[in-house]
Chemist: 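Structure below; questions to follow.
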Amino acid sequence: MRTKVSIFEEIDWLSVALYAALVFFGWLSIYAANYDDQSSQIFTLETNHGKQLLWIALASILGMILLLLDHRFFESFGYIIYGISVFLLLAVLLVGTEIKGAQSWFVLGPVSFQPSEIAKFGTSLALAKYLSTMGVHFSQTKHRLRTLAIVALPALLIMLQPDVGSTLVFLAFTLVLYRQGLSSWYFSLGFAAVFIFIMALFLKQYEWTVFGIIIQGKIAFLAGFTGLIALVYYLLRKVKGALLILGGVFASTLLYFFSVDYVFSNVLKPHHQNRINELLGIVSDPLGAGYNVHQSKIAIGSGGFSGKGFLQGTQTKFNFVPEQSTDFIFCTVGEEWGFLGSLILVFLFLALLIRIIWLSEKQRSSFTRIYGYCVAAILFMHFSINIGMTIGLAPVIGIPLPFFSYGGSSLWSFTILLFSFIKLDSERKFILR
Amino acid sequence: MDELENRKVFVIAAFVVVAFIFLTRLFYIQIIDDSYRSSADNQALRYVTKYPARGIIYDRKSQVLVQNQAAFDLMVVPRQAEDIDTIAFCEIMDIEKMEYKERLSKAKAYSSYRASIFQKQLTSDEFSRIAESLYRFPGFYGQKRTLRTYPDSVASHVLGYVGEVNAGHLERDSFYRSGDFIGISGLERQYEAELRGERGLEVLMVDVHNTVQGKYSGGNRDVEARAGADLATSIDLDLQVYGERLMNDKKGSIVAISPEDGGILALISSPSYDPNLLVGTKRARNYQLLASNDSLDPLFNRALMAKYPPGSIFKLIQSLVALENNVISENTGFPCNKSLVGCHNHTSATNLREAIQMSCNPYFHQVFKRLISPGKSSNYFVDNALGLSQWAKDVEDFGFGQRLALDLPNLKSGSVPTTEYYDKIYGKRRWAFSTVYSLSIGQGELEVIPIQMANLAATIANRGHYIDPHLVDKVGKDSNVVWSKNETGITKDLFEPIIDAMQWVVEKPGGTARKARIDGIEVCGKTGTAENPHGEDHSVFIAFAPKDDPQIAIAVYVENAGYGGTWAAPIASLMIEKFIRGSVSDSLKENRILEANLLDVEVDED
Ligand SMILES: [Zn+2]
């Protein structure tokens with residue numbers, strides 16, 4: 001039989017090392033982002049880096065506790081934690097505190113946290129539990145709908161806050177479903193929808209003159225698309241029902257294409273419109289909507305190959321970059337450590353993500369495997385949106401960089417996500433199922 | 001499930017693709033595209049020019065003639081000043097809102113991110129009044145400058161003034177940047193390269209609120225400003241001040257030289273102006289006022305630029321040249337034949353000393369005739385031309401008709417007419433003594449500037465040579481300026497009769513410059529009264545003292561003041577006594593001069 005000592009022997013120390021490296025690198029960046037010559041004390045709770053040190057200490061204890069829990073806890077309490085999450089998401093809509101336009105925080109004296117952080121964990125557990133239940137087959141429509149409901153319920157509640165960033169994170173679960181058998185056609189459809197959305201907005205600003213006729217960008221796109229459909233039809237003309245299918249595709253694309261404009265200008269809020277316009281390069285307003293990204297790119301871009309050196313960054317330290325400890329923490333890495341530092345950071349994340357997938361696939365328990373995919377997918381989503389935003393490849397959506405960004409609430413929730421997986425993984429040799 | 005397990009490859013591929021896209025993008029913005037680096041520098045770094053202190057100018061006793069006072073340019077970085085409380089700012093600066101907008105858009109036109117001058121040359125008092133509220137107005141900061149200040153408000157024509165560089169300066173000399181100062185006249189211009197020093201640079205880090213956060217890179221990129229070199233001049237401040245007081249309400253000039261080393265003790269051009277008027281922001285307006293004053297023309301430096309006929313003082317040169325060329329001896333006498341040229345009533349001079357003392361015009365008419373009739377040619381015209389050539393050469397050896405080596409700009413040369421000059425006007429062999437005889441008494445085509453007259457006095461005091469008259473003896477701590485010695489070619493002994501006569505001019509009863517006498521100091525001098533076709537004659541007096549150990553040589557020229565002995569001579573004597581003794585004993589003489597107003601010749605007689 002096994003002892004407690006053997007639990008630690010089975011822990012995947014590589015994941016723990018990657019975690020520790022990211023947390024340490026993150027703390028250094030927070031220290032640098034708030035550094036000034038007058039007060040360079042490390043152990044003080046008056047500064048962000050001092051507080052973060054405390055959060056890190058508490059997160060380590062949290063990780064230890066998770067490792068000492070019985071592995072059956074996660075599976076047994078999966079639905080309960082999910083239920084609590086949903087309850088808290090409802091409660092926050094009623095009694096939460098509004099910060100930066102979203103009613104997404106509980107503030108209890110000095111402590112404040114976002115229920116959406118727990119919801120990611122709860123949804124992951126619930127999803128893993130449901131999909132690993134005997135008799136549930138993802139190929140069945142009934143089960144698919146229930147799966148969708150598990151994910152969509154918290155996502156919708158978060159959207160009501162409204163917290164666009166956290167809602168988008170829930171899209172990460174499609175990656176998990178893909179592994180469970182979701183057709184890749186859905187991804188193609190998703191990409192096509194995004195592509196057409198961008199084209200519809202992007203081409204508005206262009207027009208060409210051909211043989212004296214002014215051709216608007218939109219018309220050119222539609223002409224090309226019609227031609228393409230016609231070509232496909234010509235190739236498939238012998239196939240039964242091709243006309244019907246192609247006609248349907250053509251009609252729905254047209255409808256979608258023209259509704260983009262309407263949705264963009266009537267559903268999206270002006271500051272979202274601005275951010276998308278800025279991202280697509282349709283407008284450039286480095287002092288207004290584009291200020292954050294503009295400054296962020298200057299900070300990162302000015303780092304050069306090897307960076308300005310630890311504590312030598314000017315853009316982040318002197319507050320040119322907004323929220324340089326939280327959402328834009330990557331700027332400090334880019335500015336002070338340059339391309340080399342950025343490369344290391346990207347590799348650390350990539351290594352952790354691949355390690356989690358690798359470990360997940362080795363599981364005999366499908367609960368652990370699915371949960372592992374959830375963890376990887378959530379981390380990946382945060383990583384992509386956060387870094388993408390700082391270098392102008394994604395719209396400005398305020399979500400933290402896992403393990404890196406300042407803040408106890410986000411550090412703990414990512415620690416819980418990851419260490420629950422490490423705990424579950426450490427049990428794999430003793431699980432027969 | 002095997003088929004689905006393979007999907008892990010696609011999931012991992014998605015991670016790798018995103019990571020690869022990020023790294024490509026990072027590679028582009030961090031390594032390929034330089035523009036982010038310069039944007040960062042423009043925003044977070046402030047390049048502050050450290051202006052050097054301009055060299056200080058001292059007199060011969062190390063008293064300050066011109067020094068520096070702190071001033072501040074109020075700078076603005078338009079991009080950072082966008083959200084300030086304009087109303088409060090305008091109130092503090094005491095300007096209209098329209099004015100504010102205008103200046104800011106001018107600054108913006110230059111650059112939104114770089115600092116330009118919002119208001120220049122605030123005095124330190126003005127600046128300290130607004131400095132304490134500047135923190136409320138990000139984008140504004142003070143840039144330390146220095147302005148000239150003249151403690152005694154004197155010697156404006158010697159020192160000159162500085163002004164901001166203009167487009168021409170910027171184009172000619174890459175040393176200058178817009179907003180720099182440059183010497184425009186006087187010593188400031190002559191010694192610009194020595195006085196200006198070298199600009200320094202300070203690179204500071206500023207935060208998003210434009211608050212300075214310390215030196216960039218530990219001050220590695222900073223360059224210290226190097227102060228300009230100080231100038232030690234030969235000017236005697238007390239004498240200069242005194243001379244300017246004496247020349248108050250008079251038109252003319254005084255130049256005093258130390259004969260021993262050529263150093264200029266005082267250089268006064270009157271009317272003058274307070275040099276402090278041409279400092280800082282008020283310079284342009286005051287300059288306009290001074291320049292538009294046609295009748296007094298205070299900006300005109302008479303000591304260097306005004307050309308006058310030398311009048312009777314020229315008889316000293318005539319005597320020396322005649323003696324050297326052996327056309328007369330010190331015992332030669334000529335009758336006072338008024339049919340040759342006008343004269344006053346006196347007994348005929350029986351020797352050279354008497355002729356000089358009595359300033360007999362016909363005497364020098366005859367001396368000059370001998371000088372330009374050397375008998376080298378049987379042709380009268382050719383002979384006169386040869387004579388005049390030799391004479392002109394000898395006269396030029398006294399520094400006449402040529403630019404002296406004085407270290408001030410805009411120095412005129414005056415003129416000594418040559419054979420070529422008359423040939424051009426009258427034609428070759430078409431002129432002779434009868435055409436040019438007025439040169440004999442310092443009239444005619446002769447033009448001399450006051451400093452050349454003072455130099456003549458110094459040359460006679462030195463018995464035959466002069467050191468380049470100059471102002472600066474030392475640049476910086478230990479770099480002495482070397483000035484050369486110039487010989488007239490006149491034998492030293494020949495000066496004795498001339499100097500004796502000059503002493504008689506001052507001391508003998510009937511001498512023309514009795515008003516120049518000083519008890520206990522042997523003054524040697526010569527008066528002159530230059531005919532002025534436009535009005536009252538000009539009063540001239542040159543002198544040196546003491547006779548046997550000359551310490552000061554001086555020329556005083558007072559325009560429209562009539563006879564030389566009346567005004568120029570007493571002024572010179574006051575200057576001499578002031579310099580040698582440090583004070584003046586004859587207060588009656590002093591008061592008469594101080595109170596005299598000779599500016600307005602057509603005074604109402606009531
Ligand atoms: Zn006579």
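Chain letters run A, B, ... following the sequence lines, proteins first, then strands; residues in each count from 1. The model shown is predicted, which means the values in this text are computed figures rather than measured ones.
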Chemist: Report yes if some heavy atom in the side chain of Lys8(B) is under 4.5 Å from a heavy atom in the side chain of Trp358(A); otherwise report no.
Modeler: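 No; the side chains remain at least 4.5 Å from each other.
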
Chemist: Check whether any side-chain heavy atom of Lys297(A) sits under 4.5 Å from a side-chain heavy atom of Gln30(B), and report yes or no.
Modeler: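 No, too far: nothing below the 4.5 Å cut-off.
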
Chemist: Using side-chain heavy atoms (C-beta onward) and a distance below 4.5 Å, is Leu26(B) in contact with Phe330(A)?
Modeler: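 Yes, at least one pair of side-chain atoms sits under 4.5 Å.
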
Chemist: Is there a ring-ring contact (aromatic ring centres under 6.0 Å, His included) between Phe383(A) and Phe22(B)? Walk through the geometry before answering.
Modeler: CA-CA 11 Å; Phe383(A) 168 76; Phe22(B) 284 178; 5.6 Å; yes

Chemist: For Ile12(B), is it the side chain, the backbone, both, or neither that has a heavy atom closer than 4.5 Å to a heavy atom of chain A?
Modeler: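 The side chain, not the backbone.
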
Chemist: Identify the heavy atoms of Met205(B) and Thr314(A) that sit nearest to each other, and give their distance.
Modeler: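 Answer, listing the atom of Met205(B) first, then Thr314(A): SD-CG2, 3.6 Å.
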
Chemist: Between Gln180(A) and Arg7(B), is any pair of side-chain heavy atoms under 4.5 Å apart?
Modeler: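 Sidechains of Arg7(B) and Gln180(A): no contact.
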
Chemist: According to the interplanar angle, ranging from 0 to 90°, do the rings of Phe15(B) and Phe380(A) count as parallel (below 30°), tilted (30 to 60°) or perpendicular (above 60°)?
Modeler: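 Tilted, since the angle between the ring planes falls between 30° and 60°.
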
Chemist: Looking at Leu343(A), Leu353(A), Val321(A), Leu175(A), which one has more heavy-atom pairs under 4.5 Å with chain B than the rest?
Modeler: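 It is Leu353(A).
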
Chemist: Answer yes or no: are there more than 12 heavy-atom neighbours, outside Lys106(B) itself, under 6.0 Å from its atom NZ?
Modeler: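 No.
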
Chemist: Taking atom CD of Glu224(B) as the centre, does the number of heavy atoms from other residues, nucleotides or ligands within less than 6.0 Å exceed 12?
Modeler: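 For Glu224(B), atom CD is not crowded (no more than 12 foreign heavy atoms under 6.0 Å).
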
Chemist: Nearest 0.5 Å please: distance from the OG atom of Ser302(A) over to the CG atom of Asp34(B).
Modeler: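 If we round to the nearest 0.5 Å, Ser302(A):OG and Asp34(B):CG are 11.5 Å apart.
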
Chemist: Between atom OH of Tyr36(B) and atom CD of Gln315(A), what is the distance when rounded to the nearest 0.5 Å?
Modeler: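 It comes to 13.0 Å.
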
Chemist: Got more than 12 heavy atoms from elsewhere within 6.0 Å of OH, Tyr47(B)?
Modeler: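 For Tyr47(B), atom OH is crowded (more than 12 foreign heavy atoms under 6.0 Å).
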
Chemist: Got more than 12 heavy atoms from elsewhere within 6.0 Å of CZ, Phe27(B)?
Modeler: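 Result for CZ/Phe27(B): open.
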
Chemist: Minimum heavy-atom separation for Lys308(A) to Ala40(B), with atom names?
Modeler: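 Reported closest heavy-atom pair: NZ-CB, 4.1 Å.
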
Chemist: At their closest point, which heavy atom of Leu4(B) faces which heavy atom of Gly181(A), and how far apart are they?
Modeler: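 Here Leu4(B) and Gly181(A) meet closest at CD2-CA, 3.5 Å.
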
Chemist: Any idea which heavy atoms bring Leu23(B) and Ser342(A) closest together, and the distance?
Modeler: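 In terms of heavy atoms, the two residues are closest at CD2-O, 4.4 Å.
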
Chemist: When rounded to the nearest 0.5 angstrom, what distance separates CZ in Phe339(A) from OH in Tyr28(B)?
Modeler: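 With rounding to 0.5 Å, CZ (Phe339(A)) is 14.5 Å from OH (Tyr28(B)).
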
Chemist: Does any backbone or side-chain atom of Phe138(A) lie under 4.5 Å from a heavy atom of chain B? Answer side chain, backbone, both or neither.
Modeler: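 Neither part, no heavy atoms under 4.5 Å.
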
Chemist: So, for Ser39(B) and Ile298(A), which heavy atoms are closest and what is the spacing to 0.1 Å?
Modeler: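 Heavy atoms only, the tightest pair is CB-CD1, 3.6 Å.
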
Chemist: Does Ile32(B), at its CD1 atom, have more than 12 non-hydrogen atoms belonging to other residues, nucleotides or ligands within less than 6.0 Å?
Modeler: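 Correct, the count exceeds 12.
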
